[in-house]
Amino acid sequence: WTFGNLESHLWAFALDRLGLLPLHLGVSLVMVLSMGLIAIGVGLVAVGWATVYRGRGQLVRKGIYRHLRHPQYLGLILVILGFNIQWPTLPTLLMAPVLIVVYVRLARREDEELATFFGEVFLDYAARTPAFLPWGRGRSGLEVRQRVSEGRGALGPEAAADSERE
């Protein structure tokens with residue numbers, strides 16, 4: 001028995017040794033699953049970026065943002081998961097949870113900044129639109145408002161003026 005070639009795919013090797021799938025099918029499953037996650041992730045990043053770019057400083061609530069508040073962060077998380085399925089190494093397995101936590105925290109901070117800038121308009125959007133999973137629920141306006149009022153900013157007059165215009 002030699003370790004190399006197909007056996008170098010850790011998850012496929014584990015599936016084979018556990019008797020769940022023959023090695024060659026495990027490799028195919030791992031590759032299809034990982035490439036699918038990576039492709040969806042890159043697509044979410046690209047579509048999210050293009051939509052925000054076209055928004056030119058406005059609160060974007062159309063396109064992908066009608067379904068998710070943070071498609072770009074979700075895309076990056078899917079890419080991380082895809083690469084860890086495809087080719088896990090000790091450093092990438094250790095860093096993946098750290099990066100995922102960082103992206104979730106960035107999304108929360110972004111929510112706070114948008115609530116400060118856009119006020120009630122954003123709070124209503126956040127209450128209706130889930131952050132990462134389209135079948136999830138949005139954050140309550142109260143939850144975002146509490147985080148904003150805890151010292152991360154306040155709903156300022158420009159935010160109130162923006163919400164009156166909409």
Are any non-hydrogen side-chain atoms of [X] and [Y] less than 4.5 angstrom apart?
| X | Y | result |
| --- | --- | --- |
| L78 | L44 | yes |
| V47 | P71 | no |
| R128 | Y125 | yes |
| L94 | V98 | no |
| T89 | W87 | yes |

Return the minimal non-hydrogen interatomic distance between [X] and [Y], and the atom names on each side.
| X | Y | value |
| --- | --- | --- |
| A12 | V30 | N-CG2, 3.8 Å |
| Q72 | V52 | NE2-CG2, 3.9 Å |
| A96 | N84 | CB-ND2, 3.4 Å |
| V60 | G55 | CG2-CA, 3.9 Å |
| A115 | L123 | CB-CD2, 3.9 Å |
| L59 | F118 | N-CZ, 3.4 Å |

Review point. For residues D16 and H24, is any side-chain donor paired with an opposing acceptor at under 3.5 Å?
Key: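 Side-chain D/A pair, D16 to H24: absent.
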
Review point. Do L93 and L33 belong to the same hydrophobic cluster, where Ile, Leu, Val, Met, Phe, Trp and Tyr are linked whenever their side-chain heavy atoms lie under 4.5 Å apart, directly or via other members?
Key: yes

Rounded to the nearest 0.5 Å, how far apart are [atom1] of [X] and [atom2] of [Y]?
| X | Y | atom1 | atom2 | value |
| --- | --- | --- | --- | --- |
| L10 | I85 | CG | CD1 | 11.5 Å |
| I38 | Q86 | CD1 | CD | 4.5 Å |
| H67 | R61 | NE2 | CZ | 14.5 Å |
| H70 | T129 | NE2 | OG1 | 10.0 Å |
| Y103 | I77 | OH | CD1 | 8.5 Å |
| I100 | L81 | CD1 | CG | 4.5 Å |

Would you say the side-chain atoms of [X] pair up with the backbone N or O of [Y], donor to acceptor, closer than 3.5 Å?
| X | Y | value |
| --- | --- | --- |
| T92 | P88 | no |
| S34 | M31 | yes |
| R69 | D111 | no |

**Study point:** Derivation and outcome, side chain to side chain contact (heavy atoms under 4.5 Å, CB included), residues E110 and L106
**Key:** CA-CA 6 Å; E110 188 174 291; L106 278 171; over 6 Å; no

**Study point:** Heavy atoms from other residues, nucleotides or ligands near CZ of F132 exceed 12 (cutoff 6.0 Å)
**Key:**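 Above 12, so yes.
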
Practice item. Report yes if the distance between the aromatic ring centroids of W49 and Y53 is under 6.0 Å, otherwise no. Key: yes

